[in-house]
Amino acid sequence: MSKKNHPLVADSELVLPRILLETFHPLNKQEVLEKASADESMFAKKSFHLFANELISKGYLLPIDNGGIGRKNARCYAPTVPYNEF
């Protein structure tokens with residue numbers, strides 16, 4: 001996909017894709033929040049779903065259902081484009 005096919009992303013929304021792209025594999029919510037707090041990137045826990053849902057609706061984030069209950073099987077998220085396209 002090219003950049004022009006996607007809506008603009010707010011600066012505050014860039015924290016989530018940056019974390020995902022730095023790990024090179026999909027992460028669940030808890031893993032993202034752990035990395036965000038270790039990185040001191042000011043990512044509020046209560047903002048996670050707001051940012052994730054907004055990025056999914058804009059086509060920048062892909063939810064991956066791991067088909068189970070519990071932390072190990074939680075839904076994971078992966079970016080759909082390289083960081084420079086955000």
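When a residue number appears, it is its place in the shown sequence, counting from 1. Worth saying up front: this structure is predicted, and the values here are computed from it rather than measured.
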Student check: side-chain heavy atoms of [X] and [Y] closer than 4.5 Å:
X     : Y     : value
Pro82 : Leu21 : no
Val15 : Phe51 : no
Asn28 : Arg75 : no
Tyr77 : Leu20 : yes
Leu27 : Cys76 : no

query = So, the side chain of Thr80 versus the backbone of Leu62: is there a donor-acceptor pair under 3.5 Å, distance only?
reply =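 It does not hold such a pair.
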query = Would Ile19 and Leu50 show up in the same hydrophobic cluster when neighbours are defined by side-chain heavy atoms closer than 4.5 Å?
reply =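 No, it is not one cluster - the side chains of Ile19 and Leu50 are not joined through contacts under 4.5 Å.
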Contact summary for Leu55 and Pro17, nearest pair of heavy atoms =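 Shortest heavy-atom contact: CD1-CD, 3.7 Å.
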key: Under-4.0 Å salt bridge between Glu22 and Arg18   =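 A salt bridge links Glu22 with Arg18.
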